Q: 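Handing you this structure, nothing more for now.
Quantities reported herein were computed from a predicted structural model and do not represent experimental measurements.
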Amino acid sequence: MKIQLFSFFLCQGLPFLIVATPPIFRGLPTSVNVGEQEYANRLIYTLTVSDVNNDNYVCNAAGTTPTPARAETEFRVLIDPQTGHYGVYAHNGSPGTSAAPNVMFDFAAQSTYQINIRCTDSNGEFREDKLEVDVIPGDRLEFTHSSDVVSVDAQTATASELIYTVSSRDLLNHSPLTYTLISVPSTNSFAIDSSSGQVRTTRTLLDETHTPVHLYISVTDGLISVQTLLSVDILNLNSQPNITNLPASVSVDEDIAGGTVIFTLTSQDLDPTDPLTHSFSVSPITAQGLFSFDSASGQFKLSTGKLDYETLSRYNVTFMISDGKTTTGPYSLTINVLNVNEECYFDRQVYYISVLEGKAGSQTINPNFVVRDYDGIQPYSLSLMNGNNSERFTIDSTSGVMTYAVDYDVDQNAMPSTVQLTVQCRDSLAKTGTALIVLTIRDANDNPPTFSQGTYTFYADQFTGFGNAIGQMTVSDKDSGSNAEFSCGGSLANSASQTNTYYTVGTGCGVYFLSRTGLSYGTAIRYLVTATDKGSPPLSSTTTVNMIYIETTTTTPSTTTTTLPPSTGLDAGAVAAIVLGSLIGAFLLGTLLYFFLRLCYTGACGGSAPCDFMNCCRNRRPRVEKDPRIRVQSSKAEEMDYWKNEKVYPTKEIDTRYGRRDYPDFPRATGSQMDRISPSNIPVEFGSRGRIYPITGHRLPISYY
């Protein structure tokens, strides 16, 4: 391929190199078939040629090998005046007639031809390629219909109307024969039946604007293809409506108001009675709703919304017009949007932000504002508009980053957990835009659970049931949600000196009695109880719980009991042990009661009525203890205590509802501890070796242990 430097041009201020190139063939080299018995001039191949530089070009036959034996036979390259396409034709200078044809080929003498085809452009650049022509012995395919022109009325023609039938024959009776059709100018109004050769309309002809329409009809027997031309004259063409004044483009300011007329169209139709209607479409399709059109006035308007030069500066509008018979178009209009000075704006109407509560300046709240100016050139500043707690926040005027101006606390609704702030942008020309900030302030885990007391004291006695609650600690947490949820757990305050199988602390912060086996009256066990919340990170606090086992003087247990709450902190094994222990205790208590009653009935009490239990107990006489301290009951119910110096000290008159009960398991009281026990508040006596004997049904304070 020969390439020449043709010339230099300036394209948008830059040098642009034009390289001359020859025309380009598509489809060559290839081959076609002709019948040996053919005699009429006909098209045997249509060339497809283009030029990348859009240069004009001319094509011709540059030689045939071998040269046809008959001088009247030659191959020519001609241009079709209707299509503008070059084609290769077989030409017979003396064709004769169908009855007495002068055939062009002799298969025995020459069965194949090579045709050199050359196309040369206006710059002298050319390209050659070959078309091979193969002769089919004894064959000929030809059209046999008589006419090449047909007429049809556009006003009356209907869809699928038969307008002509072409016919053909194959000398060797090859079958099937297949028909195809191409129309010039291109139209979808006509089609041909591939087997019968019937040419029909596919629709009414009111949309046709040209006459005649040239139908290039081809028939093939599978080896040879022959083409004929059928011209259709369309009578009484409908006058097409059209728009007469549409310019290529119009320009409007971006701030025009809705309802503004952008352009007024003028339409016409030579058929004055035909009503005209219009339609339009907008590219991009998302802008279709921005515009409207009034067919009566021809006014094309900005309907709603707002044009935005910075977002889109050009719209392409396509109009169609119909007279009720046919629709014409498209007619195109470009709308150019002009820039004007406008306000700044945010990329969102609402910003949703979630942040933890905190101290002033402790949180960085970044809404990630994206602010633009419709003009694209103005700087801007940001601020919070007054109202709705805006004074509790600050904002950087450049970055838009916010923070707390105060210690923000949502605990116990001290401050709102949701606020709506209005942020404003202001450009250098004082034009403003606003957006809404919906700010959710979440609770931070900044408060540990708190016990209502620094120390708790709970008691269990001989009547406390296993698994029963003996006390409940009150715990509160100022936080909310999971941050305010907590659970309790406990451990011995001094695990090195004590063990505990008697009590447990439940997750709900209750204290439960488990067992009294081996537990002595007066035994105090101290627990460190910790309440831990479910926040992240979790926070906790601790209190001290003293659990004391005492004996209650009341002979009949109280019927009021505390049942085990749903969450006791006991596992299944502990519950089973409690139940089993309760059953064993009940059995032992029943056995003891049985023997005690039996002793009374057999006279063991020594009463006047041995079988009367009450008389048995009431007729017991007081006895004098052998202790050095002798307690004497006088007839005036006056109690006297004898100390080691054998002096008698009268004490308070004892209420008859209290009997003397010894508590040998209470700790000893010696020295100054004796002074701490005042007969004025707790009736007691001191036994041998400094042991304390309370003579009241009330429990002793923990300070006396």
Q: Compare all side-chain heavy atoms of M402 with those of V423 and state whether any distance is below 4.5 angstrom.
A: no
Q: Quick one: do F300 and F291 satisfy ring-ring contact (aromatic ring centres under 6.0 Å, His included)? Show the steps, please.
A: CA-CA 7 Å; F300 183 71; F291 304 97; 5.4 Å; yes
Q: Give, for atom CG of L28 and atom CZ of R127, the distance between the pair rounded to the nearest 0.5 Å.
A: 11.0 Å
Q: Decide whether S267 and H278 meet the rule of one side-chain donor and one side-chain acceptor closer than 3.5 Å.
A: yes
Q: Does the pair M385 and T434 meet the rule for a side chain to side chain contact (heavy atoms under 4.5 Å, CB included), with working shown?
A: CA-CA 9 Å; M385 300 185 69; T434 60; 4.0 Å; yes
Q: Residues in side-chain hydrogen bond (donor to acceptor under 3.5 Å, both in side chains) with N366, at least two apart?
A: N368
Q: Quick check: does any side chain N or O of D427 sit under 3.5 Å from a backbone N or O of Y380, one acting as donor and the other as acceptor?
A: no
Q: Could you tell me whether a side-chain N or O of T201 sits under 3.5 Å from a main-chain N or O of T158, the two making a donor and an acceptor?
A: yes
Q: Can any side-chain N or O of T211 pair as donor or acceptor with the backbone N or O of I234 at less than 3.5 Å?
A: yes
Q: Determine whether the side chains of Y216 and D80 contain a donor N or O and an acceptor N or O closer than 3.5 Å.
A: yes
Q: If you compare all heavy atoms of S354 against all heavy atoms of R442, which two are closest, and at what distance to 0.1 Å?
A: OG-NH1, 2.7 Å
Q: Got a second to check how far D269's CG is from I321's CD1, nearest 0.5 Å?
A: 7.5 Å
Q: Among L290, T334, I262, find the one that has a side-chain contact (heavy atoms from CB on, under 4.5 Å) with Y315.
A: L290
Q: Centres of the F369 and Y351 rings: under 6.0 Å?
A: yes
Q: Between D121 and N123 (side chain of the first, backbone of the second, donor and acceptor by atom type, cut-off under 3.5 Å), is there such a pair?
A: yes
Q: Can you confirm whether more than 12 heavy atoms, excluding those of K431, are under 6.0 Å from its NZ atom?
A: yes
Q: Determine, for E357 against R392, whether the closest basic-nitrogen to carboxylate-oxygen distance falls under 4.0 angstrom.
A: no
Q: If I take atom OH from residue Y309 and atom CG from residue D255, how far apart are they, to the nearest 0.5 angstrom?
A: 14.0 Å
Q: Any side-chain to backbone donor/acceptor pair from T318 onto S332? Under 3.5 Å, distance only.
A: no
Q: Taking the six-membered ring for Trp, are Y404 and F393 ring centroids under 6.0 Å apart?
A: yes
Q: If you compare all heavy atoms of S536 against all heavy atoms of N483, which two are closest, and at what distance to 0.1 Å?
A: N-OD1, 4.2 Å
Q: Less than 4.0 angstrom from a charged side-chain N to a carboxylate O is my criterion; do D294 and K301 meet it?
A: no
Q: Is the CD1 atom of I24 crowded by more than 12 outside heavy atoms at less than 6.0 Å?
A: yes
Q: Is a donor on one side and an acceptor on the other found under 3.5 Å between the side chain of D533 and the backbone of P448?
A: no
Q: Got a donor-acceptor contact below 3.5 angstrom from the E208 side chain to the N238 backbone?
A: no
Q: Please assess D347 against R372 for the test side chain to side chain contact (heavy atoms under 4.5 Å, CB included), listing each intermediate value before the final yes or no.
A: CA-CA 8 Å; D347 68 327; R372 299 185 179 91; 4.0 Å; yes
Q: Rounded to the nearest 0.5 Å, what separates atom CG in N445 from atom CG in D411?
A: 9.5 Å
Q: Within the side chain of S183, is there an N or O that forms a donor-acceptor pair under 3.5 Å with the backbone of T187?
A: yes
Q: Side chains of D477 and N447 only: does a donor on one sit below 3.5 Å from an acceptor on the other?
A: no
Q: Might you work through the side chain to side chain contact (heavy atoms under 4.5 Å, CB included) test for F190 and V232, ending with a clear yes or no?
A: CA-CA 10 Å; F190 304 98; V232 181; 4.0 Å; yes
Q: When rounded to the nearest 0.5 angstrom, what is the spacing between OH in Y456 and OG1 in T543?
A: 5.5 Å
Q: May I ask you to say whether R203 pairs ionically with E161, meaning some side-chain N is under 4.0 Å from a carboxylate O?
A: no
Q: Which atom pair, heavy atoms only, marks the closest approach of L276 to P241?
A: CD2-CB, 3.6 Å
Q: With a 4.5 Å heavy-atom cut-off, do F458 and N546 have their side chains touching?
A: no
Q: Looking only at heavy atoms, which two atoms of L382 and G400 are closest? And how far apart?
A: CD1-CA, 3.6 Å
Q: Rounded to the nearest 0.5 Å, how far does OG1 of T260 lie from CD of Q299?
A: 11.0 Å
Q: Would a distance-only check, ignoring hydrogens and angles, find a side-chain to backbone donor-acceptor pair under 3.5 Å from Q155 to N236?
A: yes
Q: Where the side chain of T244 meets the backbone of T266, is there a donor-acceptor pair that is under 3.5 Å apart?
A: yes
Q: When you compare the side chain of C59 with that of V49, does any pair of heavy atoms fall below 4.5 Å?
A: yes
Q: Could you check whether Q240 and T328, counting side-chain N and O atoms only, form a donor-acceptor pair closer than 3.5 Å?
A: no
Q: Please determine, by modelled atom types, if S383 and R426 share a side-chain donor-acceptor pair under 3.5 angstrom.
A: no
Q: Mind checking whether F126 and Y57 have ring centres under 6.0 Å apart?
A: no
Q: May I ask you to check whether N56 and S122 show a side-chain donor-acceptor distance below 3.5 Å?
A: no
